[in-house]
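These notes are about the structure you will find just below.
Quick caveat: nothing in here was measured; it's all calculated off a predicted structure. Proteins get letters first, then strands, A, B, ... in listed order; numbering begins at 1 in each.
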Amino acid sequence: MKRLVFLVLGTVFGFLLSRAGATTYDYYAKLFLFQDLQLLYVIATAAGIGMMGMAFIRRYRPRSVLEGQPITLEPKPFQKHLIPGSLVFGLGWGLAGACPGTALVMLGEGKLGALFTIIGLVMGTYIYGILVSRKLYPARQYTGAVATKVETKKAG
Amino acid sequence: MTEVIVWSGWIGGLGIGLYALFQLLITGKVLGVSSGYCSLCGCFSRAAFFIEQKEKDGPLNWRLWFLLGLPLGGLLAAWTSPGPVVASFSLGELYDSVFPSAVWAKGLVLVAGGVLMGLGARMAGGCTSGHAISGMAMLNPPSILAAAGFFAGGTLMVQLLFWIFA
């Protein structure tokens, strides 16, 4: 049942991404060529609406419908390589004319090029996961590091 | 290529912003997509990183189900648009003018774009939805920095692409 809820939520989000123009390749090129800022307006409005809602949720701590627990907002931590990582992501974003979510939506629309983008996304994620698992790449998110940090905090 | 209906930017953003809040109120989960690709990798890989991600998300594996819904949303959006639903490798007027026309060559470029996004999203700890929408909504400083980096990288790539090949 819960799985069905997430499947439906994904469908709704995918539909909205499409209507927002986030599955239309041209909008990505036009955004970064500063010809049409459609997607910037989308992100800015979405983040603005979110800001008001998140402030409300922080203040009143409502319970989620599915879990019945008060909603907690854990902001993402500062990853060690956040800046180079975000630039690398941006390069791919501009090159593929899609982002990790919209590539999947595009596939549903029959934009078959997204198939390649999705294969690349899985490959990139897999390479990162293997490098971290073999300790060839230091990830702050990796529990080993997080656990030690919490312990030292407690000891201090 | 399928032509879909596109709302004006602020209405689209309003819809996505309200959706993100709706998801949070219903499920208690913050909107984010790229970690779902870890769940996807966890389906075939036993690497410690993916197993850990699986444990963090619990047996429900909600990210995977959410991810599966996205193409259905695309199909729905295409069906409800006036034109026919067409399967094609076209990337639209602008990208097609700078990319090679052979499908395999175009595919290689897109795979490269995907790899960069997959690696970058994990290094930064999120993608456009997790950092730029959810993170900025929380006014989380790392997310604001990441969103700026996304835009800087995208601008650099597309400006170069069209400067060299157009």
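Ranked by heavy-atom pairs under 4.5 Å with chain A, the list Gly130(B), Gly135(B), Ala152(B) is led by Gly130(B). If you tally non-hydrogen atom pairs under 4.5 Å between each of Glu74(A), Met106(A), Met54(A) and chain B, the highest count goes to Met54(A). Top candidate by heavy-atom pairs under 4.5 Å with chain B, chosen from Ile43(A), Thr102(A), Leu107(A), Ile127(A), is Ile43(A). With chain B as the partner, the residue from Lys76(A), Lys2(A), Gln69(A), His81(A) showing the most heavy-atom pairs under 4.5 Å is Lys76(A). Heavy-atom pairs under 4.5 Å with chain B were tallied for Val105(A), Ile130(A), Val5(A), Ile83(A); the largest tally goes to Val105(A). Comparing Thr125(A), Leu39(A), Val88(A) by heavy-atom pairs within less than 4.5 Å of chain B, the highest count is held by Thr125(A). Among Ala44(A), Gly85(A), Pro70(A), the residue making the largest number of heavy-atom pairs under 4.5 Å with chain B is Gly85(A).
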**Report entry** Stepwise salt bridge (charged side-chain N to carboxylate O under 4.0 Å, His left out) check, Lys29(B) with Glu67(A)
**Finding:** CA-CA 10 Å; Lys29(B) 312 283 188 204; Glu67(A) 289 174 338; 3.2 Å; yes
Next item on the list: Kindly indicate, with the supporting measurements, whether the criterion side-chain contact (heavy atoms from CB on, under 4.5 Å) is fulfilled by Leu21(B) and Phe56(A).
Entry: CA-CA 10 Å; Leu21(B) 292 172; Phe56(A) 172 85; over 6 Å; no
Could you give me the CA-CA distance, side-chain angles and deciding distance for Leu24(B) and Leu73(A), then say whether side-chain contact (heavy atoms from CB on, under 4.5 Å) is met? CA-CA 9 Å; Leu24(B) 192 56; Leu73(A) 295 175; 3.6 Å; yes
message: What verdict does the ring-ring contact (aromatic ring centres under 6.0 Å, His included) test give for Phe32(A) and Phe162(B), after you've listed the backbone C-alpha separation in whole Å, the side-chain angles of each residue and the deciding distance to 0.1 Å?
response: CA-CA 10 Å; Phe32(A) 297 124; Phe162(B) 283 80; over 10 Å; no
With side-chain contact (heavy atoms from CB on, under 4.5 Å) as the test, would you mind laying out the steps for Thr128(B) and Phe89(A) before giving the verdict?
-> CA-CA 9 Å; Thr128(B) 349; Phe89(A) 179 89; 3.6 Å; yes
- request: Would you check, one step at a time, whether the test side-chain contact (heavy atoms from CB on, under 4.5 Å) holds for Phe116(A) with Lys106(B)?
  value: CA-CA 9 Å; Phe116(A) 294 109; Lys106(B) 206 191 272 193; over 6 Å; no
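Counting heavy atoms from C-beta outward, Asp96(B) and Tyr25(A) have side chains that stay 4.5 Å or more apart. A heavy-atom distance below 4.5 Å is not found between the side chains of Ser133(A) and Arg46(B). Side-chain contact check for Val122(A) versus Phe44(B): some heavy-atom pair is nearer than 4.5 Å. Between Leu70(B) and Phe13(A), the closest side-chain pair of non-hydrogen atoms falls below 4.5 Å. Annotation: side chain of Arg122(B) is not in contact with side chain of Val132(A) (no heavy-atom distance under 4.5 Å). Residues Pro62(A) and Leu25(B) are in side-chain contact: their nearest non-hydrogen atoms beyond the backbone lie under 4.5 Å apart. No side-chain heavy atom of Trp10(B) sits less than 4.5 Å from a side-chain heavy atom of Ile49(A). Under the 4.5 Å side-chain criterion, counting only non-hydrogen atoms from C-beta, Thr27(B) is not in contact with Ser64(A).
Contacts of Phe151(B) with chain A are made by both backbone and side-chain atoms, with heavy-atom separations under 4.5 Å. Using a 4.5 Å cut-off between heavy atoms, Ile133(B) touches chain A through backbone and side chain atoms alike. With a threshold of 4.5 angstrom between heavy atoms, Leu31(A) approaches chain B through side-chain atoms but not through N, CA, C or O. Contacts of Leu161(B) with chain A are made by side-chain atoms alone, with heavy-atom separations under 4.5 Å and no backbone atom involved. Of the two parts of Val111(B), the backbone and the side chain both hold a non-hydrogen atom closer than 4.5 Å to a non-hydrogen atom of chain A. For a residue to count as touching a neighbouring chain, one of its non-hydrogen atoms must lie under 4.5 Å from one of that chain's; by this rule Leu9(A) touches chain B with backbone and side chain alike. Tyr37(B) touches chain A through backbone and side chain together, each having a heavy atom under 4.5 Å away. If you measure heavy-atom distances from Ala20(B) to chain A, you find no contacts under 4.5 Å at all. Only the side chain of Thr24(A) comes within contact range of chain B, judged by heavy atoms closer than 4.5 Å. If you measure heavy-atom distances from Leu82(A) to chain B, the contacts under 4.5 Å come from both the backbone and the side chain. Contact annotation for Ile11(B): neither backbone nor side-chain heavy atoms come within less than 4.5 Å of a heavy atom of chain A. Using a 4.5 Å cut-off between heavy atoms, Tyr28(A) touches chain B through backbone and side chain atoms alike. Contact annotation for Leu115(A): neither backbone nor side-chain heavy atoms come within less than 4.5 Å of a heavy atom of chain B. Only the side chain of Leu40(B) has a heavy atom closer than 4.5 Å to any heavy atom of chain A. With a 4.5 angstrom heavy-atom cutoff, Val98(B) does not touch chain A via any of its atoms. Interface remark: Val86(B) contributes backbone atoms only to the contact with chain A (heavy atom separation under 4.5 Å). For chain B, the nearby part of Arg58(A) is the side chain; its heavy atoms alone come within less than 4.5 Å. Only the side chain of Met1(B) has a heavy atom closer than 4.5 Å to any heavy atom of chain A. Proximity to chain A involves both the backbone and the side chain of Thr80(B), based on heavy atoms less than 4.5 angstrom apart.
Atom CG of residue Leu116(B) and atom CG of residue Leu87(A) lie 11.5 Å apart, to the nearest 0.5 angstrom. Residue Arg3(A) holds its CZ atom at 6.0 Å from CG of Leu60(B), rounded to the nearest 0.5 Å. Atom CG in Leu14(B) sits 7.5 Å away from atom OG1 in Thr45(A) (nearest 0.5 Å). Distance check: Leu139(B) CG to Met51(A) CE gives 4.5 Å after rounding to the nearest 0.5 Å. If you take CG on Leu95(A) and CG on Leu156(B), they are separated by 11.5 Å, rounding to the nearest 0.5 Å. For the atom pair CG of Leu110(B) and CG of Leu112(A), the computed distance is 11.5 Å after rounding to the nearest 0.5 Å.
Atom CH2 of Trp65(B) has 12 or fewer neighbouring heavy atoms from other residues, nucleotides or ligands inside a 6.0 Å radius.
Using a distance-only test at 3.5 Å, with no hydrogens or angles considered, no donor-acceptor pair links the side chain of Thr11(A) to the main chain of Leu72(B). No donor-acceptor distance shorter than 3.5 angstrom exists from the side chain of Glu109(A) to the backbone of Glu3(B), with no hydrogens or angles considered.
Cluster annotation: Val12(A) is not connected to Leu75(B) through the hydrophobic network of ILVMFWY side chains, with a link wherever side-chain heavy atoms come within less than 4.5 Å. Note: the hydrophobic cluster containing Val8(A) also contains Val65(A) (ILVMFWY, side chain heavy atoms under 4.5 Å, direct or indirect links). Leu7(A) is not connected to Trp79(B) by any chain of hydrophobic side-chain contacts under 4.5 Å among Ile, Leu, Val, Met, Phe, Trp and Tyr, and they are in different clusters.
The aromatic rings of Trp93(A) and Phe150(B) stand perpendicular to each other, their planes meeting at an angle above 60°, with 30° marking the opposite boundary.
A centroid separation of 6.0 Å or more is found between the aromatic rings of Phe6(A) and Phe66(B).
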